[in-house]
There are 2 protein chains.
Amino acid sequence: MEEPGSIRPGGRTARVRAAVLRAAGDALAERGFAHLDLTDVARRAEVGKTTVYRRWGTVTGLVADLLTDMAEQSLPRARTGSLEGDLRANARLVRKTLADPRQGALFGAIIAAATSDTRTAEALHRFYARRIREWVPCVEEAIDRGELPEGTDAEEVVRAVSAPLYYRFLASGDPLDEATADRAAKAATAAARAGAYIKDEQARPIL
Amino acid sequence: MEEPGSIRPGGRTARVRAAVLRAAGDALAERGFAHLDLTDVARRAEVGKTTVYRRWGTVTGLVADLLTDMAEQSLPRARTGSLEGDLRANARLVRKTLADPRQGALFGAIIAAATSDTRTAEALHRFYARRIREWVPCVEEAIDRGELPEGTDAEEVVRAVSAPLYYRFLASGDPLDEATADRAAKAATAAARAGAYIKDEQARPIL
DNA sequence: CCCTTAATGGTCCTGTAGTTCCGTTAGTGC
DNA sequence: GCACTAACGGAACTACAGGACCATTAAGGG
């Protein structure tokens, strides 16, 4: 038999999955990745713990599935007409997500899980690859409008917007206010205009 | 009695601490934060597990102490004479650390631990605050030389160099090659020159 | 609507992480 | 170098996460 739930995914199976993922999200947000255990998740979801162990097996496996589920809900990108406006919308969205108690804790837990499990890490990388690709058109349109130099690596510009926010969130712990988000967008725009993200270019000094 | 080891920190106590921290680092690098358990650390360190539980108590407590220990070994900053040169040296150092199998796994594990434990998080923030402060003079000298506008937030510039590297390392999973490090330095320099990191300035559009 | 069997969920079992207790070792002050 | 006791470490104990087994429930195809 293959993965449980793959042959009869409808009805009860789907309800159980939803309840378990919801409970896992609650538990992660409340207690963090280090204290997550499947027995507790089963209790919260009002589901037999046997089911949780059979379907997901390990903590990281459950987190990976939770992430897959989250990846399916995608948010539309902004269209403000200017590069910095679009990037600022993106930065504010990311900041809002990370600063939100539940969502932020959830992302933290997932990233923590990814550091010790390859499958979770792959799911995480796919998640961000997708999110980044969704915002790439903002940058490409800016290149077409002549706002940015030809050959600019659009994905790198998008990454540059999120990076300072995640750095604060995970490493330095500095506050994640809206000014920070706006500054991230401003800096990414400025660097892109200066040609810091031109593809295939060896990163030699600007001057 | 206060924290064990605080009254007679010499000789054996110090040896035990060193052995345990070393073993913890090995275990974290090999198996990751999720699979760390103190009994295993005690075995590796050839130390009674009672000792480990008494001194450190929990996994996150041990990780926090490991971090404190690491923070004490500080690296001197570069002095190349130009801002981008200095920042590039910093970026390459950070990249090298994160890309190194042992050191990288260790940082990942510590950051993971910090997401679910307040004390570890505080230790981590102190660690980065210190590292950032060490590189601040590079930026301040650049301001003095007239390379950067007056009022530039030096700490923010230093953070901007590390941020893209940590983002790739923890979130997106994109490769951490030297070109990425150089690009991070280049982008931070360009954004700083454009005035994106001027203090107390509301982040309004560049134009 | 019925039959097959995928999937769930009690219940019991086991390995081991984490604790407690107490005897042993060795750091520190005199 | 002696006495005092901080700190270590072995052994035995406990609680519970994780797993095995099987009876029960309800998808999904006909």
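Here the structure is a predicted model, which is why all the values come from computation and not from measurement. Order of the sequence lines sets the chain letters (A, B, ...), proteins ahead of strands, with each chain counted from 1.
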Using a 4.0 Å heavy-atom cut-off across all strands, classify B:T51 as base, sugar-phosphate, or nothing.
-> base

Contacts satisfying salt bridge (Lys or Arg N to Asp or Glu O under 4.0 Å) that involve residues 28-40 of chain B (not counting sequence neighbours) are B:E30-B:R44, B:D40-B:R43, B:D40-B:R44

Counting only non-hydrogen atoms, which of residues 21-33 of chain B are less than 4.0 Å from DNA chain D?
-> none

Listing, residues 98-116 of chain A side-chain donor-acceptor contacts under 3.5 Å, not counting sequence neighbours, or none:
residue : atom : partner : partner atom : Å
A:D100  : OD2  : A:R102  : N            : 3.2
A:D100  : OD2  : A:Q103  : N            : 2.8
A:R102  : NH1  : A:D26   : OD1          : 2.3
A:T115  : OG1  : A:A112  : O            : 2.6
A:S116  : OG   : B:A34   : N            : 3.4

Answer yes or no: is there an ion pair linking B:E84 with B:K186, defined by an N-O contact shorter than 4.0 Å?
-> no

Rounding to the nearest 10°, end axes of the helix from C:dC1-D:dG30 to C:dC30-D:dG1 built from five pairs each make an angle of 60°

Partners meeting side-chain hydrogen bond (donor to acceptor under 3.5 Å, both in side chains) with B:D86 (sequence neighbours left out) | B:T80

Are the ring centres of B:Y166 and A:F169 closer than 6.0 Å?
-> no

Which residues pass the side-chain hydrogen bond (donor to acceptor under 3.5 Å, both in side chains) test with A:D153, sequence neighbours left out?
-> none

Counting primed atoms, P, OP1 and OP2 as sugar-phosphate and everything else as base, the B/S/- map of nucleotides 17-25 of chain D against protein heavy atoms under 4.0 Å is SBBBB---B

Residue pairs involving residues 106-123 of chain B (criterion salt bridge (Lys or Arg N to Asp or Glu O under 4.0 Å); sequence neighbours excluded) | none

Do A:Y128 and A:S162 have side-chain atoms, one donor and one acceptor, less than 3.5 Å apart?
-> no

Ion pair check, A:R95 and A:D177, cut-off under 4.0 Å | no

For B:R54, all residues meeting salt bridge (Lys or Arg N to Asp or Glu O under 4.0 Å), sequence neighbours excluded | none

For B:W56 and C:dG18, what is the distance between atoms CH2 and P respectively, to the nearest whole Å?
-> 15 Å

D:dC8 OP1/OP2 closer than 4.0 Å to side-chain N/O of B:R55 | yes

Who pairs with A:Y197 by side-chain hydrogen bond (donor to acceptor under 3.5 Å, both in side chains), at least two apart in sequence or on another chain?
-> none

Name the nucleic acid region contacted by A:R15, choosing base, sugar-phosphate or nothing; use a 4.0 angstrom heavy-atom cut-off, strictly under.
-> sugar-phosphate

Can you name the closest pair of heavy atoms from A:V161 and A:A91 and give their distance?
-> CG1-CB, 3.6 Å

Could you list the residues that satisfy side-chain hydrogen bond (donor to acceptor under 3.5 Å, both in side chains) with A:T58, not counting sequence neighbours?
-> A:T60

Nucleic acid contacts - residues 108-116 of chain A versus DNA chain C, non-hydrogen atoms under 4.0 Å | none

